[in-house]
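I have placed the structure first, in the form of structure tokens, so that the comments after it can refer back to it.
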Number of protein chains: 4
Amino acid sequence: MARGVNKVILIGNVGGDPEVRYLPNGNAVANVTLATSDSWKDKQTGQQQERTEWHRVVFFGRLAEIVGEYVRKGSKLYIEGRLQTREWEKDGVKRYTTEIVVDIGGQMQLLDGRPQGGEGMAPRPQQSRPAPQRQAQQPQQQQQPAQPQAQQMPDYDSFDDDIPF
Amino acid sequence: MARGVNKVILIGNVGGDPEVRYLPNGNAVANVTLATSDSWKDKQTGQQQERTEWHRVVFFGRLAEIVGEYVRKGSKLYIEGRLQTREWEKDGVKRYTTEIVVDIGGQMQLLDGRPQGGEGMAPRPQQSRPAPQRQAQQPQQQQQPAQPQAQQMPDYDSFDDDIPF
Amino acid sequence: MARGVNKVILIGNVGGDPEVRYLPNGNAVANVTLATSDSWKDKQTGQQQERTEWHRVVFFGRLAEIVGEYVRKGSKLYIEGRLQTREWEKDGVKRYTTEIVVDIGGQMQLLDGRPQGGEGMAPRPQQSRPAPQRQAQQPQQQQQPAQPQAQQMPDYDSFDDDIPF
Amino acid sequence: MARGVNKVILIGNVGGDPEVRYLPNGNAVANVTLATSDSWKDKQTGQQQERTEWHRVVFFGRLAEIVGEYVRKGSKLYIEGRLQTREWEKDGVKRYTTEIVVDIGGQMQLLDGRPQGGEGMAPRPQQSRPAPQRQAQQPQQQQQPAQPQAQQMPDYDSFDDDIPF
DNA sequence: TTTT
DNA sequence: TTTT
């Protein structure tokens, strides 16, 4: 149920291989940056201008797993999600990061099965990926308070600090 | 022309009276915060939960003028725009703010003509608002380099620092 | 799962009180017509022009019940659904009707709680509405083949034949 | 200006080479059918189901010309337009056809530069296409009343009767 | 950091 | 058939 509408629709290219993590409850989370670009002719100079916008997209659940397997740097994606701004702190000062959350109620479509590397649509090999913890949660994780909601995830610490927004 | 799609659709309520400014070229800019909310039942506790998301929306041009006249705190709006993140600096450290830009190609609909105050849809009195500078730009402003594009607007300094994201 | 995207977003006013029916499996179906309008200035004559577009919207499930209770002639709605064209026959000739289907994955928002009649947001009295058959299906209906999917619903025979498209 | 919102977003594949025509005023019109498909698992039978939906899309102006040059059978498109139902008559009985109109305010993105035929993105040879009549309208066409608006176009007679809706 |  |  919702009062209001909060909808984002993007088509763009992925800036790097997705980072996939697993929450203590076994739910997958995948982070991706997505570039959309606009070009227009400057009225003053007549020059063709271009501006690229980078978006932080966070997938949860089943879509996160699909992203981890099939999406790579350069992939073209359609995504539908919602805007969410989370607060974090650095050196005692509050910062805010706005992301597009894609979970249930959202959508993702891989528009291009041929990203760099040329392995076609074969799933990415998964040796280096930690096993999903759906059916087998580790004991020490169950001692932590359960994660009731994806939105309440305390931190996104796997994010590179160098991508600042 | 665009490579990619960058679209945001929101329906929500305005958090405060709009701030309207005029760029040196006479174009109006209106800033508004918009609240959307989601509610859901927590699976663990069975409790009804609610989360409100605040969005920064920036209108340009004709829509900004309409916003300045008809939108007030509490107004319910439909907006369609695009995501844009701009960089700014505070105490020597870079910060990023993500906004929804609504200009040509975007859309705005006032869904509720009866916000708090009860004056109906009568335009807001405009004495305290600086005159639009479309046909009559002030000389000292023309000495500055022209602002060719809304996106290149150097700063949004009229923003209240207390709205941190 | 979907290959492709099929999304319709409308904001408009409802042309008449909704017609709510119940499928044999107890699922509610609500039909509504929704008007959206565009106005523009004719370049030839300089006259203000207006065109109203009428849309057939079909709600299923929980949303259909909400529509039956709260939506009335004149209500302003936001809906998000998908396009679907169904075939029917009249006098031996095939006809096609395109509707916007709003079910799971879709959305509905009542944007105006004050339609004509002035009873506020109180649910419509329900004496004249047949009881939902969720838990108590009637025997003769169970003898029919089950309706596996809303999309496969054989007919919309409660529709007024006079609304031709 | 609009009271209400009427927006359609589709991603799908084109069913045949576009038909491009020119209105008496020189404006291009391109007709395309676009397929979107949904698949789901039937709850009764557990079988994977698929349903393809065909949409009639009509492009006007610059986008129609781009469609005529670059879009072919099998092309994958993103389109953003609005719903419009027009009335026509056959054997004295009124029929209605719903289309997605993509003109100014709409958008089109070619998501796949490699449709069947393998000529890459080279524009389609244009010998068989009637010259645009922008600057040079033919006299007999000017005797007809001018077409002030794309929406008022009297007929779409170039459509194949075999595509019935 | 992507893509055309 | 709606609404502003």
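Quick note on labels: first sequence line is chain A, next is B, and so on, each numbered from 1. Just so you know, these numbers come straight off a predicted model, no measurement behind them.
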How close or far is atom [atom2] of [N] from atom [atom1] of [X], stated in whole angstroms?
X	N	atom1	atom2	answer
A:K73	E:dT2	NZ	P	5 Å
C:D17	F:dT2	CG	P	11 Å
D:Y96	F:dT1	OH	C1'	13 Å
C:K76	F:dT3	NZ	P	10 Å
C:E50	F:dT4	CD	P	12 Å
C:E19	F:dT1	CD	C1'	12 Å
B:D112	F:dT4	CG	P	11 Å
A:L34	E:dT3	CG	C1'	10 Å

Which residues pass the salt bridge (Lys or Arg N to Asp or Glu O under 4.0 Å) test with B:E89, not counting sequence neighbours?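 Applying salt bridge (Lys or Arg N to Asp or Glu O under 4.0 Å) to B:E89 gives none.
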
Sequence neighbours left out, what passes salt bridge (Lys or Arg N to Asp or Glu O under 4.0 Å) with C:E80? Give chain and number order.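 Salt bridge (Lys or Arg N to Asp or Glu O under 4.0 Å) check on C:E80 returns A:K7, C:K7.
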
Kindly indicate whether the side chain of D:Q109, heavy atoms from C-beta on, has any atom under 4.5 Å from the side chain of A:I11.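 Not touching, per the 4.5 Å side-chain cut-off.
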
Report the nucleotide, chosen from E:dT2, F:dT2, F:dT1, that has the shortest atom-to-atom distance to any side-chain atom of A:N13.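 It is E:dT2.
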
Name the closest nucleotide to the D:R3 side chain, picking from F:dT4, E:dT2, F:dT2.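 Within the option list, the nearest is F:dT4.
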
C:T33 vs C:H55, side chain to side chain donor-acceptor pair (under 3.5 Å): CA-CA, chis, key distance, verdict: CA-CA 5 Å; C:T33 54; C:H55 311 273; over 6 Å; no

Mark this stacking check for C:W54 against F:dT2 as yes or no, applying ring centres under 5.5 Å and ring planes under 30°.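 It does not: the two rings, one from C:W54 and one from F:dT2, miss the stacking criterion.
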
Base, sugar-phosphate, or nothing for C:T52, non-hydrogen atoms under 4.0 angstrom?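 Here C:T52 touches the bases of the nucleic acid.
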
